[in-house]
Amino acid sequence: MVKIRPWPFNQQQFVSLHWFGNVKQGKDQQWYLQAAFKESNKCQILELPIGAFPLLRLGQFYRDGLPLSTQKAGSYNQVMIEDLGKGKTIKAIDACKKFGYFLYKMPELIHQHVWSFSSNGITYYVPHAELIRALYIKYKCLANALLRPNGLDFLINNVHYLNSQTVFIELADEIPSTIVTNEFVHYMAWLYLNDEIKNSFSSVQTNVYSYAAGQNVAYGIPLEIAVPSIQNTRIAYRGIQQQNEVLILELLGIDNITLPVFQIQYSHKSIKRNVYTNAPKKTRISQKNGDTEYVLNEKNGKRSKEDTHQPVIEQEPTQFAFRHSVVIKRISKQAQKVNKGNVYISNKGRGGATQQQIVGVDESIFGGTVAPIEFRTLEIADSIANYGLEQFFEMIQRLSKSYPHLSVSVNVVFLPLGRKFSRLPDGRRRVCAVARIVNQGKVSYIIEVAVPDNRSISTLIIPSVGSLYKDELHIQKLLRNLVYSSGSWSKFFLQTIQHIKVKHIQESPKYWAKRLIKNL
């Protein structure tokens with residue numbers, strides 16, 4: 001878990017990430033993102049290092065700097081788009097006023113840029129900053145490359161085509177070995193080999209420097225990209241809808257993405273060929289202290305040190321679905337000795353995780369003092385659809401329309417990792433829908449688990465236990481029990497909580513909604 005610091009709110013306050021999208025250059029010559037957090041009717045701007053970009057989700061609730069993953073503003077939906085690049089840029093104030101999304105007359109917020117496009121008679125608005133995060137900033141190293149001239153070129157040493165369908169990519173040494181996976185290479189190939197995508201990535205830096213040269217930057221520089229022409233695609237999003245207009249807060253997935261090759265070969269300094277010897281091998285006994293809480297603090301004047309084995313924190317991923325599969329091969333250029341002899345203990349250091357560790361997300365330098373950390377916010381999948389939740393979403397929409405006195409929001413949550421049930425048979429993370437229903441002051445949650453693999457799991461309805469934070473802990477504990485019970489609601493755990501199980505039967509969304517309203 002990553003905690004955001006400095007945190008000007010007390011530990012008991014619930015705040016939400018209300019808006020972000022401006023950058024400023026600090027006295028240390030590092031780039032910082034301006035993120036506006038809202039608490040009640042007050043809004044306060046924090047300056048976070050740009051390396052924290054992958055952490056930011058609009059409408060995300062926090063307590064003491066920690067995100068509440070089941071508690072977010074807006075509702076889940078999907079839309080088919082003929083061409084994402086067909087639209088126009090408008091000011092944030094012009095988009096947000098349509099939804100009563102108040103920007104507190106703060107110039108740092110109202111002049112930021114929003115992309116507007118239409119599909120099937122509905123107009124959508126998405127902040128340029130969210131487009132940048134969802135499309136291009138899946139890892140910290142990409143966030144730090146964003147505002148460097150030709151930033152992607154610093155992450156790749158060499159690219160050459162072996163034939164019309166095969167490319168070789170040599171990754172730069174600066175990329176930490178802990179994120180060098182087939183998934184990372186697949187994504188980097190999309191960024192680097194598609195000229196329009198690469199130019200779109202570079203346009204962020206170009207626009208920032210052009211704005212700084214001709215405008216007053218006292219309130220920050222708004223991020224803006226040349227939106228690429230991604231055609232005939234489906235996006236999944238969490239947003240707010242008012243009649244025929246939608247404000248997208250978070251892009252959750254995008255499909256039908258093209259890659260110009262069918263095979264990728266790649267190398268990195270961490271990829272080595274094992275050479276076995278009979279020498280004794282050493283081991284170290286480490287006593288773990290439990291999970292580490294990483295505290296992000298970049299305002300202490302310290303810089304991140306070089307470390308190719310920096311820890312990687314799994315954040316809520318954005319799903320990418322490609323049109324065709326790709327064969328990916330690792331190519332080793334170095335050899336490393338692997339001792340196969342008798343084992344001896346080199347020391348008995350306590351090692352392991354500490355309760356809290358200060359970490360940095362800036363570019364690592366020789367002589368730095370703060371431990372670096374990386375993020376992974378990407379899942380490559382065959383599809384962003386086909387979770388088997390379509391009828392549930394239809395039912396929730398029917399519930400909202402048929403009973404207008406209800407306040408309804410829907411969030412899609414990835415199940416905790418740790419068991420086979422955490423993933424679907426096709427390798428994707430299993431998700432569940434969490435609908436928050438407010439009925440005349442009474443708050444209830446409807447939990448529907450994705451089971452495209454035809455498992456039998458009843459819909460679960462639970463009441464709020466008193467606050468957003470308590471509800472977050474309650475739902476997360478419930479989902480952990482579901483995972484560790486191999487995909488069934490634990491009878492032992494359910495005996496300790498108030499709940500209603502609703503079995504699935506063959507019925508229309510209209511009658512499903514009628515059946516549920518009796519329990520809300």
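Computed from a predicted model, the values in this text were never measured in an experiment.
Classified by interplanar angle (parallel below 30°, tilted 30° to 60°, perpendicular above 60°), the ring pair W7/Y62 is tilted. Between F262 and H324, the ring-plane angle classifies as parallel under the 30° and 60° cut-offs. Taking the six-membered ring for Trp and thresholds of 30 and 60 degrees, H186 and F322 have nearly parallel ring planes, at less than 30 degrees apart. Using a 30° and 60° split on the angle between ring planes, Y124 and F117 fall in the parallel class, below 30°.
In this structure, H111 has its ring center at least 6.0 angstrom away from the ring center of Y219.
Electrostatic pairing of D28 and R303 does not count as a salt bridge here, judged by no charged N lying under 4.0 Å from a carboxylate O. For the pair E250 and K72, the salt-bridge criterion is met [side-chain N within less than 4.0 Å of a carboxylate O]. With respect to the salt-bridge test (charged N to carboxylate O, under 4.0 angstrom), the residues K198 and D153 qualify.
The main-chain N or O of S304 is found under 3.5 Å from a side-chain atom of D362 such that the two form a donor-acceptor pair. Remark: the backbone N or O of E108 is paired with a side-chain donor or acceptor of Q112 at under 3.5 angstrom.
Remark: V217 pairs with Y211, A212, I221 by the side-chain contact (heavy atoms from CB on, under 4.5 Å) rule, at least two apart or across chains.
Contact annotation: the side chain of V413 never approaches that of I447 to less than 4.5 Å [non-hydrogen atoms, C-beta and beyond].
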